[in-house]
Amino acid sequence: VRDVVEREGVTHIVHGAAITALPHEEAGRAAEIVDVNLGGTINILAGAALASEYLAGRFTVFVPFRELLSRRAWQASLGVLAAAVGFLKLLIRSAAADVPVVGDLIPALLGMAMGASLLLHVVREKSDLPPMGRLERAALAYRVPLGFVGIVVAILHFLLPGALFL
C-alpha cells in the first residue's frame, strides 16, 4: 500500500464509515457498526480485486489498485477475510437485526463466494492440480461479474444497513 501511495502522490486516504455513531451509541451498536463498516469494506475490496483487470483496462485510475490487488498475498488475505466474515455473518446475528441471518444473507453469501473465488484463483494460478470441475471453472470465469455484484451489494449495505437481505 505504501508503494502505491508514494508512487501516486496520494496525500489523504479516507475510510468513510456508513454508520458513524456517537460514543454512547458505540457500546450498544458495536456489532452492527463493525458488521456494516468493516464487513462492507472487505466485500468492496474483494469485489475490486475480482474486477481489477477489467476496471484497470477501462479506467487508468484503477491501474495502481490492480497492481496492488493482483498480488497473491493480497488476494489470499482478502479471500480468507471475505469468506470468514461472510461465514460469521451467517452465524452471528447483528444486534440491530429483527430477523436472524436474513438481514445479512446476500452480503454474507457474496462474501463467501468472492472469498472462495479469490482463494481458488490463488491456488490455481501456480499449481499443477488436476483439471477443474464445472463449479471451479464457473468461479474463475465469472470473477468480474461476481466482483461487480459484490461491490454493488456492499455499497447498498453501506447505504441501507437496516434493509432486509442487505
Side-chain angles (χ1 to χ4, degrees), residues 1-20 31-92 94 103-127 132 135-163 165-166:
V1 173
R2 183 179 298 137
D3 293 342
V4 172
V5 169
E6 289 173 357
R7 184 176 62 240
E8 298 302 318
V10 175
T11 59
H12 295 80
I13 298 174
V14 177
H15 175 266
I19 299 175
T20 52
E32 177 188 11
I33 293 166
V34 169
D35 166 41
V36 173
N37 293 338
L38 181 62
T41 300
I42 290 170
N43 276 0
I44 285 176
L45 288 173
L50 289 170
S52 63
E53 286 295 322
Y54 177 86
L55 290 170
R58 303 296 186 275
F59 310 101
T60 57
V61 70
F62 286 101
V63 171
F65 297 108
R66 178 194 60 200
E67 292 171 8
L68 176 67
L69 295 174
S70 65
R71 294 181 185 162
R72 291 185 77 214
W74 271 93
Q75 286 190 7
S77 299
L78 281 172
V80 168
L81 283 171
V85 168
F87 182 71
L88 290 173
K89 281 176 176 260
L90 291 177
L91 295 180
I92 301 170
S94 176
D104 287 336
L105 182 62
I106 294 173
L109 293 176
L110 278 169
M112 291 188 301
M114 290 188 299
S117 183
L118 285 167
L119 290 171
L120 183 61
H121 183 258
V122 167
V123 169
R124 283 289 178 187
E125 192 175 48
K126 292 200 174 182
S127 70
M132 297 183 279
L135 185 60
E136 286 181 272
R137 277 194 297 273
L140 293 174
Y142 293 104
R143 287 169 49 90
V144 173
L146 179 62
F148 279 120
V149 170
I151 291 169
V152 168
V153 168
I155 290 170
L156 288 173
H157 192 51
F158 272 141
L159 297 174
L160 308 166
F165 296 111
L166 289 176

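As the structure is a prediction and not an experimental result, all values here were calculated from the model.
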Student: Kindly indicate whether the side chain of Leu105, heavy atoms from C-beta on, has any atom under 4.5 Å from the side chain of Leu90.
Tutor: yes
Student: The test is side chain to side chain contact (heavy atoms under 4.5 Å, CB included); show your working for Val85 and Leu38 and say whether it passes.
Tutor: CA-CA 9 Å; Val85 168; Leu38 181 62; 5.8 Å; no
Student: Taking side chain to side chain contact (heavy atoms under 4.5 Å, CB included) as the definition, give me every residue that meets it alongside Phe148, ordered by chain and number, with sequence neighbours left out.
Tutor: Ala51, Tyr54, Leu55, Val144
Student: Strictly distance-based, threshold 3.5 Å: is any side-chain N or O of Ser52 a donor or acceptor partner for the main-chain N or O of Ala49?
Tutor: yes
Student: Between Arg72 (side chain) and Val122 (backbone), is there a donor-acceptor pair under 3.5 Å?
Tutor: yes
Student: Working to the nearest 0.5 Å, report the span between CG of Leu69 and OG of Ser77.
Tutor: 11.0 Å
Student: Looking only at heavy atoms, which two atoms of Ala82 and Ala46 are closest? And how far apart?
Tutor: CB-CB, 4.0 Å
Student: Please set out all donor-acceptor pairs under 3.5 angstrom arising from side-chain atoms of residues 109-121, sequence neighbours excluded.
Tutor:
| residue | atom | partner | partner atom | Å |
| --- | --- | --- | --- | --- |
| Ser117 | OG | Ala139 | O | 3.1 |
| His121 | ND1 | Gln75 | OE1 | 2.9 |

Student: Measuring from Leu45:CG to Leu50:CG, what's the distance to the nearest 0.5 Å?
Tutor: 11.0 Å
Student: Is the backbone of Pro107 close enough, under 3.5 Å, to the side chain of Asn43 for a donor and an acceptor to pair up by distance?
Tutor: yes
Student: Taking side chain to side chain donor-acceptor pair (under 3.5 Å) as the cut-off, I'd like each qualifying pair that reaches into residues 56-65, sequence neighbours left out, listed once.
Tutor: none
